[in-house]
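Just so it is clear: chains get the letters A, B, ... in the order the sequence lines come, proteins before strands, and each one is counted from 1. From a predicted model like this one, the values you see are computed outputs, not experimental measurements.
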Protein chains: 2
Amino acid sequence: MKSAEHIVKSYDEELRRLTTIVAQMGGLAESQLSGAIQSVVRRDSDLASSVVQADVKVDALQDEIDDFVVRLLALRQPMAIDLRLIVGALRIASDLERIADYAANVAKRAIALNQAPLVRPVHVVPRMGALVQAMIKDVLDAYVASDVEKAKSVWNRDEEVDEMYNSLFRELLTYMMEDARSIGICTHLLFIAKNIERIGDHATNIAELVHYTVTGQKMGGARPKGDVTSSTLPGQPDGGTA
Amino acid sequence: MKSAEHIVKSYDEELRRLTTIVAQMGGLAESQLSGAIQSVVRRDSDLASSVVQADVKVDALQDEIDDFVVRLLALRQPMAIDLRLIVGALRIASDLERIADYAANVAKRAIALNQAPLVRPVHVVPRMGALVQAMIKDVLDAYVASDVEKAKSVWNRDEEVDEMYNSLFRELLTYMMEDARSIGICTHLLFIAKNIERIGDHATNIAELVHYTVTGQKMGGARPKGDVTSSTLPGQPDGGTA
């Protein structure tokens, strides 16, 4: 009996283990983002390098989850909630991989930023970063606790991230126009801001997946979409938000 | 017997139908990208608007694939190649959704671009677009034909897209520095180029998924990664590529 336990784990145990690996991958993605933001704020290129290098660890966890999911689907015949949980894990892992990838990109750009003089608009990065980090933390809590209300609150917060992105975008354009020498640096900041904004979108995705996993229903209501910078030009009568 | 055929479709038939819906979604994503590029080249904002509006059709197809996959996993007990095929469809659909989303973003930015005077660096967009469109077409062909060699050839082409992106990036920075009034417009072009480059990455992802689905093995070799613009600054001794 004792040895059989070691060989054949219970199905429940396997499902718990799946959730644990996803939560672990989430924690790693969260710490990658935190490191990336810190490497911008403290102008710490060593930290940035270590974030870039650690991205493979996130990919390895995703591979582990993928293999686990395929094995579970093949060996068990999951139905209803279990099936949603298993397929949900696969998708959440894919969003977490994207989040970590964007964080690594922020870190890469931090290395370039740190070679140049400090520019003023950098100050928005930690604020935007803190907001998105809190979203990731909360959506992971919601995932582990199957807390639909918490997932919904994360979903609603994405608009704030988009607003911050829009305002940083305007600030960066103005800054570039005032000082052409800052264009190279500000371009990195533009992409850093866009990366953080995209991370917010993926946290929102995960919130939707938590909702679907728990309830079997898609989250109702239109998705908050606040990046207005892609459809307008600065100084246009209808725009002003660039 | 006749009526039973209508109710219980054969498993093979269902798998073929899954491949067909994915191919259909791929065709739609391809045409969305083509429309987006054309709306930039021909400065056609009506076309751009229709691309933006048609993005919901891609999302609807993804939902259909997701539901179909979950149903197949629940009703059948797919093993080995079938399981890879079914899980692969889910993932390819997710990449296609991202591709279409980036295409819609290009179209959105085209509307903004068309409100401003033409800038020279636009000429690279159709070239980069054509390259990426061919990648999507070929990877979809590889998917439908389970052609691993063709998938591999798509995978190798991503480097060329990255090189084109790097060169456009340099050109745009130079242009912005020469003429501060072009900064707003060039920023849209920067993001358009980045979106197209990301579409190439997703075509590469799909190539990897085709390889895995057919062979059960991950594609060997390091992934071609040629965007050097994120880690360097223009005019830096080690950079020059911005």
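- For chain A, the nearby parts of B:D66 are the backbone and the side chain; heavy atoms of each come within less than 4.5 Å.
- When heavy atoms are compared at a cutoff of 4.5 Å, B:I192 does not approach chain A at all.
- In this structure, the portion of B:L83 lying under 4.5 Å from any heavy atom of chain A is its side chain and not its backbone.
- Both the backbone and the side chain of B:V70 come within less than 4.5 Å of a heavy atom in chain A.
- Looking at B:R71, neither its backbone nor its side chain comes within 4.5 Å of chain A, counting heavy atoms on both sides.
- Residues B:H211 and B:W155 are not in side-chain contact: their nearest non-hydrogen atoms beyond the backbone lie 4.5 Å or more apart.
- Ranked by heavy-atom pairs shorter than 4.5 Å toward chain B, the options A:L172, A:V52, A:L190 are led by A:L190.
- With sequence neighbours excluded, the residues forming a salt bridge (charged side-chain N to carboxylate O under 4.0 Å, His left out) with B:R181 are B:D179, listed by chain and number.
- Put simply, the side chain of A:K194 does not reach to within 4.5 Å of the side chain of A:F169, judged on heavy atoms.
- Interface check for chain A: of the options B:A180, B:A74, B:S94, B:S182, the most heavy-atom pairs under 4.5 Å are formed by B:A74.
- Of the atoms belonging to A:I86, not a single heavy atom falls under 4.5 Å from chain B.
- Interface check for chain B: of the options A:R91, A:M176, A:K218, the most heavy-atom pairs under 4.5 Å are formed by A:R91.
- Between B:P78 and B:L73, some side-chain heavy-atom pair lies under the 4.5 Å cut-off.
- Side-chain contact between A:Y212 and A:R84 is present, with at least one heavy-atom pair separated by less than 4.5 Å.
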ask   = Stepwise, does the side chain to side chain donor-acceptor pair (under 3.5 Å) test hold for B:D44 with B:S39?
value = CA-CA 5 Å; B:D44 184 341; B:S39 67; over 6 Å; no
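- Side-chain contact check for A:H202 versus A:N205: some heavy-atom pair is nearer than 4.5 Å.
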